[in-house]
S.K.: 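Have a look at this one.
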Amino acid sequence: GGGLLTVAGKNFANFDLQFLNKLPNFKQRVPMHHRVIDPGMPYWNPTDMSVPDTKTCYKRANLDEEVAHTAVADALGVVKLIRKYYNV
């Protein structure tokens, strides 16, 4: 312990974090690094106009997954994308 948590997630910094910061003492209890891992970046292609969405990432990672749009399922999807890319 003692270190800062590095968060991974799609839209975490601009969406999810806004809700979490409203929880009492969240910032004190969960010390996070200001940088966030976007699981879309490893699946970005130079021809893309933006970072690909989760559905495109699943396709490029050859994962047979559906975007659930629920917090837990989407978080597990982020883990799968990162593990697939880094072979862990």
S.K.: Please report the interatomic distance NZ(Lys10) to CG(Asp16), rounded to the nearest 0.5 Å.
M.R.: 12.0 Å
S.K.: Is there a path of hydrophobic side-chain contacts, each under 4.5 Å between heavy atoms of I/L/V/M/F/W/Y residues, joining Trp44 to Tyr85?
M.R.: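 The answer is no; the residues belong to distinct hydrophobic clusters.
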S.K.: Are the side chain of Asp74 and the backbone N or O of His69 linked by a donor-acceptor pair below 3.5 Å?
M.R.: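 Here the side-chain-to-backbone pair exists.
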S.K.: Testing the basics here: between Gly77 and Tyr58, what is the closest heavy-atom pair and its distance to 0.1 Å?
M.R.: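 Smallest heavy-atom distance, with atoms named: CA-OH, 3.2 Å.
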S.K.: Decide yes or no for Leu5 and Met32: does some side-chain heavy atom of the first lie under 4.5 Å from some side-chain heavy atom of the second?
M.R.: yes
S.K.: If you take all heavy atoms of Ala13 and Val36, which pair is closest and at what distance?
M.R.: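 Residues Ala13 and Val36, closest heavy atoms: CB-CG2, 4.1 Å.
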S.K.: Indicate yes or no for a side-chain donor-acceptor contact from Arg60 to the backbone of Tyr43 under 3.5 Å, with no hydrogens or angles considered.
M.R.: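 Indeed, once roles are kept as given, a pair shorter than 3.5 Å links the two residues.
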S.K.: Among residues at least two apart in sequence or on other chains, which ones pass side chain to side chain donor-acceptor pair (under 3.5 Å) with Glu65?
M.R.: Lys80
S.K.: Could you check whether atom CG of Asn21 has more than 12 heavy atoms from other residues, nucleotides or ligands sitting under 6.0 Å from it?
M.R.: yes
S.K.: Give the minimum heavy-atom separation between Arg35 and His33, together with the two atoms involved.
M.R.: N-ND1, 3.0 Å
S.K.: If you round to the nearest 0.5 Å, how far is CG of Asp38 from CD1 of Ile82?
M.R.: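 These two atoms lie 9.0 Å from each other.
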S.K.: Asn25 versus Gln28: any side-chain heavy-atom pair under 4.5 Å?
M.R.: yes
S.K.: Heavy-atom count check: over 12 atoms from other residues, nucleotides or ligands less than 6.0 Å from Asn45 CG?
M.R.: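 More than 12 heavy atoms, drawn from other residues, nucleotides or ligands, come within 6.0 Å of this atom.
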S.K.: Side-chain contact, heavy-atom cut-off 4.5 Å: Met41 with Val51?
M.R.: yes
S.K.: Would you say Val88 ends up clustered with Leu81 if hydrophobic residues are merged whenever their side chains have heavy atoms under 4.5 Å apart, either directly or through other cluster members?
M.R.: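 In one cluster with Leu81: Val88, yes.
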S.K.: If every non-hydrogen atom of Ala68 is compared with every non-hydrogen atom of Ala73, which pair is closest and at what distance?
M.R.: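 Heavy atoms only, the tightest pair is CB-CB, 3.4 Å.
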S.K.: Out of curiosity, Phe12 CZ to Leu20 CG, how far, rounded to the nearest 0.5 Å?
M.R.: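 One finds 5.5 Å between CZ of Phe12 and CG of Leu20.
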S.K.: What heavy-atom pair brings Pro39 and Cys57 nearest, and what distance separates the two atoms?
M.R.: O-SG, 4.3 Å
S.K.: Do Phe26 and Leu17 have side-chain heavy atoms sitting under 4.5 Å apart?
M.R.: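 In contact.
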S.K.: So which atom in Lys55 and which in Val67 form the shortest heavy-atom distance, rounded to 0.1 Å?
M.R.: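 Closest approach of Lys55 to Val67, heavy atoms only: N-CG2, 3.7 Å.
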S.K.: Heavy atoms, side chains only, cut-off 4.5 Å: are Val7 and Ile37 in contact?
M.R.: no
